[in-house]
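For reference, the structure discussed in these notes is given below.
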Amino acid sequence: MDRNQSRRQVAAMKQSLFDQGLLDEQFIQLEELQDDANPNFVEEIVTLHYRDSSRLISSIEQALKEKNPLDFNKLDTLMHQFKGSSSSIGAKKVKAECNLFREYCRVGNAEGCMRSFQQLKKEYATLRKKLEAYFQLARQAGPQEIACRSK
């Protein structure tokens, strides 16, 4: 596969992440910060996000197990941190699920929190898998001249 074909494939894959509602404009803003001096900047940021967010997911899971009663303030604080980290990489569906979870915390709905958290973990895993494939393909295609979202 020639380099131009590889780059078109990378662009199409990225566009599909937007079309599926998995990413928002924050991801493009991250790509705009990437340059020759740091060609893997976005991948490094996303990798850091997944490392840190794994710890937060474990903390949330632990807090959800501590029933009698659930500490909704603690859960909301943990999810607020998770939402901020997810927002920083443009994880649109994950961020939306964080908002729903936090709303369930505000009204004290334990069952809603549990359901929302399960959905959040699915969205998180889906995005992670797709971003890993995207970065692998991008590495194979080589550096891009300019980072922009195809319309």
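FYI, side chains are in, hydrogens and waters are out, and symmetry mates aren't considered; it's all heavy atoms of this structure. If you're wondering where the values come from, they're calculated on a predicted model, not measured in any experiment.
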Derivation of the salt bridge (Lys or Arg N to Asp or Glu O under 4.0 Å) call for Glu103 and Arg106: CA-CA 5 Å; Glu103 186 55 37; Arg106 282 187 200 97; 3.2 Å; yes
Using 0.5 Å steps for rounding, measure from the [atom1] atom of [X] to the [atom2] atom of [Y].
{"X": "His80", "Y": "Asn73", "atom1": "NE2", "atom2": "CG", "result": "13.0 Å"}
{"X": "Leu78", "Y": "Glu61", "atom1": "CG", "atom2": "CD", "result": "11.5 Å"}
{"X": "Cys105", "Y": "Leu70", "atom1": "SG", "atom2": "CG", "result": "8.5 Å"}
{"X": "Leu23", "Y": "Lys92", "atom1": "CG", "atom2": "NZ", "result": "9.5 Å"}
{"X": "Ile60", "Y": "Lys121", "atom1": "CD1", "atom2": "NZ", "result": "10.0 Å"}
{"X": "Ile28", "Y": "Phe18", "atom1": "CD1", "atom2": "CZ", "result": "3.5 Å"}

Any residue meeting side chain to side chain donor-acceptor pair (under 3.5 Å) with Lys95, in chain and number order, not counting sequence neighbours: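 So Lys95 forms no side chain to side chain donor-acceptor pair (under 3.5 Å) with any residue.
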Evaluation steps, side chain to side chain contact (heavy atoms under 4.5 Å, CB included), between Met79 and Phe117: CA-CA 10 Å; Met79 190 56 71; Phe117 187 62; 4.1 Å; yes
Side chain proximity check, Glu66 to Asp71, heavy atoms < 4.5 angstrom: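 No, too far: nothing below the 4.5 Å cut-off.
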Student check: side-chain heavy atoms of Cys113 and Gln118 closer than 4.5 Å: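 No. Closest side-chain heavy atoms not under 4.5 Å.
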Could you give the side-chain donor-acceptor pairs of residues 42-49 under 3.5 Å, partners two or more places apart or in another chain?
unit_1: Glu43; atom_1: OE1; unit_2: Arg139; atom_2: NH1; d: 3.0
unit_1: Glu43; atom_1: OE2; unit_2: Arg139; atom_2: NH1; d: 2.3
unit_1: Thr47; atom_1: OG1; unit_2: Glu43; atom_2: O; d: 2.8
unit_1: His49; atom_1: ND1; unit_2: Ser85; atom_2: O; d: 3.4
unit_1: His49; atom_1: ND1; unit_2: Ser85; atom_2: OG; d: 2.6

Short side-chain donor-acceptor distance under 3.5 Å, Ser116 and Glu97: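 Yes, Ser116 and Glu97 have a side-chain donor paired with an acceptor closer than 3.5 Å.
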Distance-only donor-acceptor check, side chains Asp19 and Gln15, under 3.5 Å: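 Side chains of Asp19 and Gln15: pair found under 3.5 Å.
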Stepwise side chain to side chain contact (heavy atoms under 4.5 Å, CB included) check, Leu64 with Met114: CA-CA 7 Å; Leu64 284 170; Met114 300 287 191; 4.0 Å; yes
Sole candidate of Lys122, Gln119, Glu123 that passes side chain to side chain contact (heavy atoms under 4.5 Å, CB included) when paired with Lys93: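 Single side chain to side chain contact (heavy atoms under 4.5 Å, CB included) partner of Lys93 among Lys122, Gln119, Glu123: Glu123.
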Other ILVMFWY residues reachable from Tyr104 by side-chain steps of under 4.5 Å: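 Leu100, which link up through side-chain heavy atoms under 4.5 Å apart, make up the rest of the cluster.
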Trace of the side chain to side chain contact (heavy atoms under 4.5 Å, CB included) decision for Cys98 with Leu120: CA-CA 7 Å; Cys98 290; Leu120 180 143; 3.5 Å; yes
Are the side chain of [X] and the backbone N or O of [Y] linked by a donor-acceptor pair below 3.5 Å?
{"X": "Tyr134", "Y": "Val10", "result": "no"}
{"X": "Gln34", "Y": "Phe41", "result": "yes"}
{"X": "Gln20", "Y": "Ser16", "result": "yes"}

Taking every non-hydrogen atom, the tightest pair across Ile89 and Phe27: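 Minimum heavy-atom separation between Ile89 and Phe27: O-CD1, 3.5 Å.
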Tyr124-Phe82 aromatic ring centre distance below 6.0 Å: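 Under 6.0 Å, so yes.
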